[in-house]
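The structure appears below as structure tokens.
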Amino acid sequence: MTPPVLALRNLSVAIQGGPRIVEDVSLDVAAGEMVGLVGESGSGKSMTAYAALGLFPAPRVRIEAGAILLEGRDLAMLSQKEWRALRGSRIGMVFQDPAGFLDPVLPAGRQIAEALIVHGDRRGLAARVRALLAQVDLPESVALRYPHELSGGQKQRVLIAAALAMRPVLLIADEPTTALDVSVQAGILKLLDGLRQELGLAVLLISHDLAIVAQTCTRVFVMYAGQIVESGPTEAVFAAPRHPYTQGLLASLLDPQVRSELYAIPGTVPAAGMSPPGCRFHPRCPRARADPCALRPPVLTMRADGRMDRCWLADAD
Amino acid sequence: MKRQGWMAAAWLIALVLAAVFAPAVANFDPYSGSADSLLPPFTQGHWFGTDDLGRDIWAETVFGARVSLIVGVSAALLGAIVGVAMGALAGWHRGAVDATLMRLTEFFQILPRFVLAMIVIALFGPGIGKVILVITVLAWPQTARMVRASVATLRRAPFVEAARIGGMPGSRVLMQEVVPNVLAPVIVLAAMDVAAAILLEAGLGFFGLGDPNLVSWGAMLNEAQQYLRSAWWMAVFPGATIALTVLAFNRLADVLNAGLDPRGRS
Amino acid sequence: MITSLTRRAFTGASVGLAFAAGRPGLAIAAPSIAVLAIDADPPTLNPALSTDYATGDVGAKIFEGLIWLDRTYNPQPSLATQWQYAPDGTGWHFTLRDGVTWHDGKPFSADDVVFTFNEVLARFHPRTSGVLRAIGARVEAPDARTVQFTLAKGYAPFLVQMSVFDAPILPRHIYANTDILANPANQMPVGTGPFRFTNWTRGAAIHVQRNPAWWGDAAGLDEIVFQIVPQPANRSAGLETGEIDAVVDFYLPKPDEPRLMQEPNLQFRRGINIPAVYFLAFNTKRPAFARKASRQAVACAIDRDRLVRQVMRGLARPGYGAFGDGFKWLLDDADSYKRKYPLDPAQARQLLAQAGYDGKSVSLVYDAARPQLRATAQIVQDNLRAIGMPVELAPLERAVEMDRVFAKHDFDLTLQSYFSAGDPAIGYHRMYLTQIGDKALTNCTGFSDPDVDRQLAEAAIAPDRDHRAEIYRRLQVVLNEQLPSLVLFDEETVDFASRKLTGLWPAIDARDQWGGVRFAAN
Amino acid sequence: MRRILHAIPLLLAVILLNYGLIAATPGDPVTALVGDFPAPAAYRAQVRHDYGLDKPVPIQALRYLVRVLHGDLGYSFANRQPVVSLIAGRLLATLELVGTALAFASIAGVLLGAVSAQFGGGIFDRATRGALTVGYALPEFWVGQMLILCFAIWLGWLPSQGAHAIRGAAGGWAGIADGLRHLLLPAIALSLRYLALIARVTRTSILDVLGANFVLAARARGAGSIRVLFGHALRNAAAPVLNTIGFNLGFILAGSALVETVFGWPGIGRLLFDSIESRDYPTMLGILLLVSVCVVGANLLTDIVHRLVDPRVA
């Protein structure tokens, strides 16, 4: 059996000399599969994604423990140079705010070509840029345009084209539609899904928006305060969430009145290193009990149906 | 950063004290020479040596601090006052007043400061007051631009609106609510202006456009040029003092800036 | 006084060896170029329009006077080969050299001389115009080879005024019927001298090259470059490194001269100079200095030895008396400053009190561009402060300073230096003669004594030197007592050149024409 | 184009300022047009007439303006030359010095700032920043004196005066080498402050850019530090750096007056010094005008270059 394209094994990420931001996360994404990683902002899902690239947006953040397996090969031990050889060639990444992630002074074509250039694959550059543009449903003329001349959706398509330039096996999409208009969102998602099918891509979709995950992902991982709190097939998880956090997320999604206010769960995600003792969610949990929730941390437990959760009360139901 | 800030502050305090108590700090009269000319440093009690007329260079350097500090500080202060006034008016009133004042600052900003200062002094004659005036005239635009931008933003700030709705007259709102809130960066700029003014004054002195009856660092360097080969100390000490003073004021500005900048970027 | 001595014969004595042995050996040598430093672009290259020092320096290589003056002030033939004068000194007759041509090939004649005197020197030369007017000179050319001067009155130093520095001869065919001040030839001069102008790169250098058609033996150098070296310190540095072959004292910082005199690769000529005095003039119309007691107080307060040491680095002699000590024949030790006004601040204070000085500060005006004057002014300020007289220094640009001092008389004290031009009557009388009008570089003090004026006039025309000396000694008694001006020091000069050069400085003026200078053959 | 239109009133204002200085000169305004020394009365009368100084002020100003726009900056009586030709004769030397210094300051400053930003916070960065802070505080004329002291007087390696060998310029490579030897010290003295300034600005703005998201995106595509620096950071950091360079052109021209004086460099700055010493006002005012025009031109050029570098500025 071929190994999953991406497998994170007990991954922990920490600020050097400081608290852990991501703790003991394990997940995997197979070829041709789109997997969702959801949670509120600050829950550590973006950091998990960056860890898979060996690249962090802030200095002094380090992979502390665990393994990152790309097609079965552990990346955590790689040198910077070896990491660089993988980024953009085997792993592509698409970001949240396409405006900020495109260099404002370079035409779009140059940015799409960048991965090709840095990985020393310069043959037929212009033609391949055109092909990539076609693949993301953009006209050729976009190649010569500057980011400020493109719409939000076009920019995101350019970023996707840039990420796919080297035909990576894994695409990490970090909130790819958050900054876009609702009308544009659907198009981007459709594009990602199409590419997944067409290219057999493994896609890790990171989002706070459960609706998006429900539409596109086969499996979902729910993160809270740096930990996975629930995982399983999307349909099953959404149909019958076991962790109160997932339940809260879904509730706020389903109630049209609160949806506009993002989430209805009271309180906020604790900052890294500020998690309460016991279950990290218990202060916000409507069902939390003094014992054991506030006393002992629950462990991630696999249930009989293969789904996992991290709740003292999940099997009590 | 912090340590350097303290060092800069220490140097400036020492300099101010030396300037104020110059007669006590200098063990010789800077205007009075002796038979001992061109003595190298550390001979016969002359720490920095003596110049061509046997004057003590340490004493000259100490007294020279007076001119540099007076010119630097007063020009920067006046420049800041004018700049705040102009900037506040432009930012507050907008419209034609703004456009006119901003054109004016733009004009003053393109003027080559040093060349103009030289020509004005050459045309109108030397004198410490004129030097201060010229530097002031050329120093205010930068402050004005910055103040204008801040005032224009603050103009719509809630607390300003509140004061206006509360019936406070516009000029009082401007003076009491707005201006105090833009002063922090003005202080930073002023510190840098002191450094720039000291450099400019030294340049004028070097061109022989300083006050002939006062010791100044620039004039000392002018005299030193002739003796570069035989008495290096005539050039080294006053020049190093200028450099250290300018450095200290720039450092001070950096430290103030870091202290006033909420992001705390170095 | 008729002589047929040529310049070549004179300089031959000193260069004879090199001349005889070196000449054939030079046949294949690289062009011999001497580099002379000057301080700035001269305002013009026409020495008839300006007494600017560099103008004279460059001009003396290109132009010639009727005569030149050797080291002992003896006139030697130049454009004139012979001269005669009437016993009463009112008529002068010059015979001009044959076969002289201008650098553009046109022949030189007496017309050029007459034109130059009447149309140029009499109108524009800063010194000579006054002299010609004062002596009422009429200049004529009886024939192409003769020039005749007719003077209204005798003038002792007449011949001294005929050198290239006071009376350069210009080409009539270039200047006639033009605006002489604006003539382009002022920037591209045409003369008769051993070198002709080649080019002038502003701010960098002026080049002159050998004039093969010169009437004398061809010049020993192929080319002379007047390199403009603005910083004084670097003119001496250039001498040391060998980049510059010769620098005249005028351009050198005094502080460097003692060191340069130790330099083994350099030769120098010290003290053989045209006397020049530096003096402090009092405005006797101002209350502070209206009485002679306060002027004498200043004389007792100023440390003239310190001036010599620190300003002139020892290359001067402390003020001796009203006419300095440059003309040994007129000195009188009994009445010298040294005896009359020894350094004595206590005595100075007493004299000041006696004069009723009110303690108000006095202004000291001087030319800002001259470092010696700046240093002198600062020492004067220092000395006078010690006797309770605060001094405000007023360094001014030269023209402004002259206007303030000589026309507006807006000063209390001023520093001036007068150059004797070889005779006290030429250079020094103007210090004490009653000023007429607001003429610059005359007596600015307001001091006026008809008796002094009369005696000075007599000294100017007296043909006998002993008789003149007597008059000058009598004058010194009066002037040293009245003290309208206090002579601070007599300048000594040191001219430097590379040891490689021979045949230097035959003339009193180190700038002279350089026709006999050459590089010694190795 | 709009920028050019914008520059025109500035230039007119500069010319009028020049006229204002003439008019405000203490005493007779003719003095400002002739220079402060005894020119013949007839000449002064001629100038008075030419410039309409017997006419009302607005006409005077207008006449002056028209003359300047015709390229007539007056006549330097002190030098017996039109000011324009006087300045033109010195322009090349100054351009050589200022151009070299500016190029050196820009290239070295940008590199130093970029490298320093790359090693942000490290020893190299801290050492560089310290050196730059000091460099920015040094008066250029004093630096010049110290360079002469060290390299010309003590070590004797380099000449201290002039633009080429005193013995006259050699031809070919020897001449170029000689020119460079003379250029080295003054160019360093002149460039030091600007190098420090440019490096500081470069460093700050590159640090800003390096924190930007598009840099992260580039690194996610596999771009290494060098490519990030040269492919993205420098271009994005260019705007403030360009502004600094353009804005400081006036200062560097003024600095060259001081440096030229120290090194006897035969340029405009030296001419300015000489004209101040000889109170040659027409030359002084001509130089002021020239320098102001250069600054306006530099700002214009900065704008244009800025536009080429940054497509967002329309």
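What you see is a predicted model; the values in this text were computed from it and never measured.
Residue B:A117 does not touch chain D at all, counting heavy-atom pairs closer than 4.5 Å. Interface residue D:M284: backbone and side-chain heavy atoms are both found under 4.5 Å from chain B. For B:A195, no part lies near chain D; criterion is any non-hydrogen pair under 4.5 Å. There is no contact between B:L244 and chain D, counting heavy-atom distances below 4.5 Å. Looking at B:V236, both its backbone and its side chain come within 4.5 Å of chain D, counting heavy atoms on both sides. For D:L288, the parts lying near chain B are the backbone and the side chain together; criterion is any non-hydrogen pair under 4.5 Å.
Note: B:G203 leads B:G203, B:P238, B:G208 in heavy-atom pairs under 4.5 Å with chain D. With respect to chain D, the highest number of heavy-atom pairs below 4.5 Å among B:I119, B:V246, B:I121 belongs to B:I119. Looking only at heavy-atom pairs under 4.5 Å with chain D, the residue among B:F206, B:W232, B:F249 that has the most is B:F206. If you tally non-hydrogen atom pairs under 4.5 Å between each of D:L138, D:L10, D:L249 and chain B, the highest count goes to D:L10. When each of D:V296, D:V14, D:L253 is scored by its heavy-atom pairs under 4.5 Å with chain B, the top score falls to D:V14.
Counting heavy-atom neighbours within 6.0 Å of B:M192 CE, excluding the residue itself, gives a total of 12 or less. A 6.0 Å sphere centred on CD of B:Q109 holds more than 12 heavy atoms belonging to other residues, nucleotides or ligands. The 12-atom threshold is not exceeded at CD1 of D:I123, counting heavy atoms of other residues, nucleotides or ligands nearer than 6.0 Å.
Ring geometry, D:F273 versus B:F207: the interplanar angle falls from 30° to 60°, so the pair is classed tilted.
Note that OG of D:S292 is 7.5 Å distant from CZ of B:F107, once rounded to the nearest 0.5 Å. Here the straight-line distance linking atom OG1 of D:T133 with atom CG of B:N250 works out to 8.5 Å at 0.5 Å rounding. In this structure, D:L258 CG and B:F114 CZ are separated by 4.0 Å, a value rounded to the nearest 0.5 Å. Within the model, atoms CG of B:L199 and CZ of D:F141 stand 7.5 Å from one another, a figure rounded to the nearest 0.5 Å. Atom CE of B:M118 sits about 8.5 Å away from atom CD1 of D:I287, to the nearest 0.5 Å.
Using a 4.5 Å heavy-atom threshold, the side chains of B:L111 and D:V295 count as separate. Two residues are said to be in side-chain contact when any heavy atoms from C-beta on lie closer than 4.5 Å; B:F124 and D:L21 meet this criterion.
A donor-acceptor pair is defined here as one N or O able to donate and one able to accept, closer than 3.5 Å; no such pair exists between the side chain of D:Q145 and the backbone of B:L228. Judged by distance alone, the side chain of D:W142 and the main-chain N or O of B:A235 form a donor-acceptor pair under 3.5 Å.
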Before you tell me yes or no, could you show the steps for B:L247 and D:Y136 under side chain to side chain contact (heavy atoms under 4.5 Å, CB included), namely the whole-Å CA-CA distance, both residues' side-chain angles and the distance that decides it to 0.1 Å?
CA-CA 8 Å; B:L247 180 65; D:Y136 187 58; over 6 Å; no
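In this structure, D:A137 and B:A243 approach most closely via the heavy-atom pair CB-O, 3.5 Å.
The pair B:D254-D:R200 meets the salt-bridge criterion, with a side-chain N (NZ, NE, NH1 or NH2) lying under 4.0 Å from an Asp/Glu carboxylate O.
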